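What follows is a single structure, written as structure tokens, with notes after it.
When reading the values below, keep in mind they use all heavy atoms of this one structure, side chains included, and skip hydrogens, waters and symmetry mates. Remember, predicted model here, so these are calculated numbers, not experimental data. We count residues from 1, following the sequence as given.
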Amino acid sequence: MSTEAEKKPPAVSDVGAWAMNVVSSVGIIMANKQLMSSSGYAFAFATTLTGFHFTVTALVGWISNATGYSVSKHVPLWELVWFSLVANTSITGMNLSLMLNSVGFYQISKLSMIPVVCLMEWVLNRKHYTTKVISAVVVVAAGVGICTVTDVEVNAKGFLCACVAVFCTSLQQITIGSFQKKYNIGSFELLSKTAPIQAISLIILGPFVDYYLNGKSLLDYDFSGGATFFILLSCSLAVFCNMSQYLCIGRFSATSFQVLGHMKTVCVLILGWVLFDSALTIKNILGMLLAVMGMVVYSWAVEAEKKAVSSIPRNKSDMLDGEDVPLKARVSGLPPVDLEEGETKS
């Protein structure tokens, strides 16, 4: 690939990628709430719906490749199957955790992904975090916990499902970034390869998982015009949600995606209050303010760390170290792509 191609600006800016993820994620939650709630269309098939999401995403990816908008790159099939297995286990584990545990413990398990992702990136990728970044992560987790966690009840089966879900979700998000760097593949191109495998497996297994979760059969559901509309709306938003997730993790890190991604939780609480008359207490408001403050501090700490890393003088021996500076970066003069925000290699 030419130097000009390397320097070509991305089609979506960093702010645009985050905005796409927040807007599409919040939109899909609102659409699914109308689709799946008893006061809406009572579509109680969450796993199957996820299969629909990936089917539409795979179709969009196929059209993109067929029209030449994106270029398919080789990724070993066994790695794609392994990734899809981890991702589908994450989805199933989350659904089982929500069924078996209280909503409060389910929220705690989702919050625990932040320290788990940090730990796994430290173990797998030797990434270190500054005290400022760690402090900001704690503040965000505390704020989201205050505004979302209410009753906390747990049992052995539910705890096991939550642990599996948290581990697989964290591993999936780290693997997204690793695959993009390992195979020099773009976010949408990688999504186009993983989506078909996830779609096929979830479409086949989803109805059985949903039947186990709620005792209802997909064949008995009445697909009204309104339900079909919200299913299509949910699938359309899922394309942008999946695309932006791969995009954000590929450009930044799984940790940043977890921390800044909790802005979606704040938006959902506010929109739930505006659109669905959900209760919004002083505790919720204080928790949201604390979470937003933590996100601001995290962003500041990340930028400070990036500036500190870029200001460190590098001698000739450093530039010859293949582990510090990738060959592509040395040839093209671009900065190392593996120096991510808030993290430096040991």
Side-chain angles (χ1 to χ4, degrees), residues 21-56 91-111 144-155 158 161-162 165 202-203 206-242 261-285 287-288 291:
N21 184 255
V22 172
V23 172
S24 61
S25 297
V26 173
I28 200 173
I29 290 172
M30 294 294 107
N32 288 351
K33 185 170 184 177
Q34 179 64 27
L35 174 65
M36 304 182 74
S37 67
S38 56
S39 58
Y41 295 97
F43 186 82
F45 309 98
T47 311
T48 305
L49 180 62
T50 307
F52 293 162
H53 290 170
F54 281 108
T55 300
V56 175
I91 295 167
T92 305
M94 279 297 181
N95 289 338
L96 288 172
S97 175
L98 182 59
M99 181 190 75
L100 297 172
N101 299 314
S102 65
V103 175
F105 185 79
Y106 175 76
Q107 291 293 343
I108 289 177
S109 67
K110 290 180 68 176
L111 286 175
V144 176
I146 289 172
C147 64
T148 59
V149 176
T150 51
D151 61 309
V152 178
E153 297 178 7
V154 63
N155 55 72
C161 290
L202 288 173
I203 288 294
F208 298 100
V209 174
D210 290 327
Y211 183 79
Y212 172 77
L213 289 173
N214 53 48
K216 297 180 180 179
S217 172
L218 182 66
L219 298 177
D220 296 331
Y221 183 76
D222 179 22
F223 286 89
S224 64
T228 303
F229 169 78
F230 275 98
I231 289 174
L232 293 175
L233 176 62
S234 180
C235 290
S236 300
L237 291 169
V239 174
F240 293 99
C241 186
N242 290 328
H262 279 294
M263 177 58 72
K264 294 175 285 189
T265 305
V266 175
C267 293
V268 167
L269 288 172
I270 295 175
L271 286 177
W273 173 64
V274 173
L275 300 177
F276 299 101
D277 294 326
S278 300
L280 195 62
T281 64
I282 296 297
K283 175 173 169 284
N284 296 140
I285 295 173
M288 287 189 288

* S38: side-chain hydrogen bond (donor to acceptor under 3.5 Å, both in side chains) partners, not counting sequence neighbours -> none
* Main-chain N/O of N21 paired to S24 side chain as donor or acceptor, under 3.5 Å -> yes
* If every non-hydrogen atom of I203 is compared with every non-hydrogen atom of G51, which pair is closest and at what distance? -> CD1-C, 3.7 Å
* In Å and rounded to the nearest 0.5 Å, what is the CE to CG distance from M36 to N214? -> 8.5 Å
* Kindly write out the residues that satisfy side chain to side chain contact (heavy atoms under 4.5 Å, CB included) with F223, not counting sequence neighbours, or none if the list is empty. => F43, L218, Y221, T228, I231
* Kindly indicate whether the side chain of V209, heavy atoms from C-beta on, has any atom under 4.5 Å from the side chain of N95. => no
* To do: Check K216 against A44 and note the closest heavy-atom contact, atom names and distance.
  => CD-CB, 4.3 Å
* To do: Find the distance between SG (C161) and CE (M94) and round it off to the nearest 0.5 Å.
  => 11.0 Å
* To do: Please list, chain by chain and in numerical order, all residues satisfying side chain to side chain contact (heavy atoms under 4.5 Å, CB included) with A162, sequence neighbours excluded.
  => S97, N101, F105, S109
* To do: Please name all residues satisfying side chain to side chain contact (heavy atoms under 4.5 Å, CB included) with T50, sequence neighbours left out, ordered by chain then number.
  => F54, I91, L202
* Going from CG on L49 to OG on S234, what distance comes out if it is rounded to the nearest 0.5 angstrom? -> 4.5 Å
* Which residues pass the side-chain hydrogen bond (donor to acceptor under 3.5 Å, both in side chains) test with D210, sequence neighbours left out? -> T47, T48
* Which residues share a ring pair (Phe, Tyr, Trp, His ring centres under 6.0 Å) with F230, sequence neighbours left out -> Y41
* To do: State the CG-OH distance between L96 and Y212, to the nearest 0.5 angstrom.
  => 6.5 Å
* Identify, with sequence neighbours excluded, every residue that meets side-chain hydrogen bond (donor to acceptor under 3.5 Å, both in side chains) alongside S217. => none
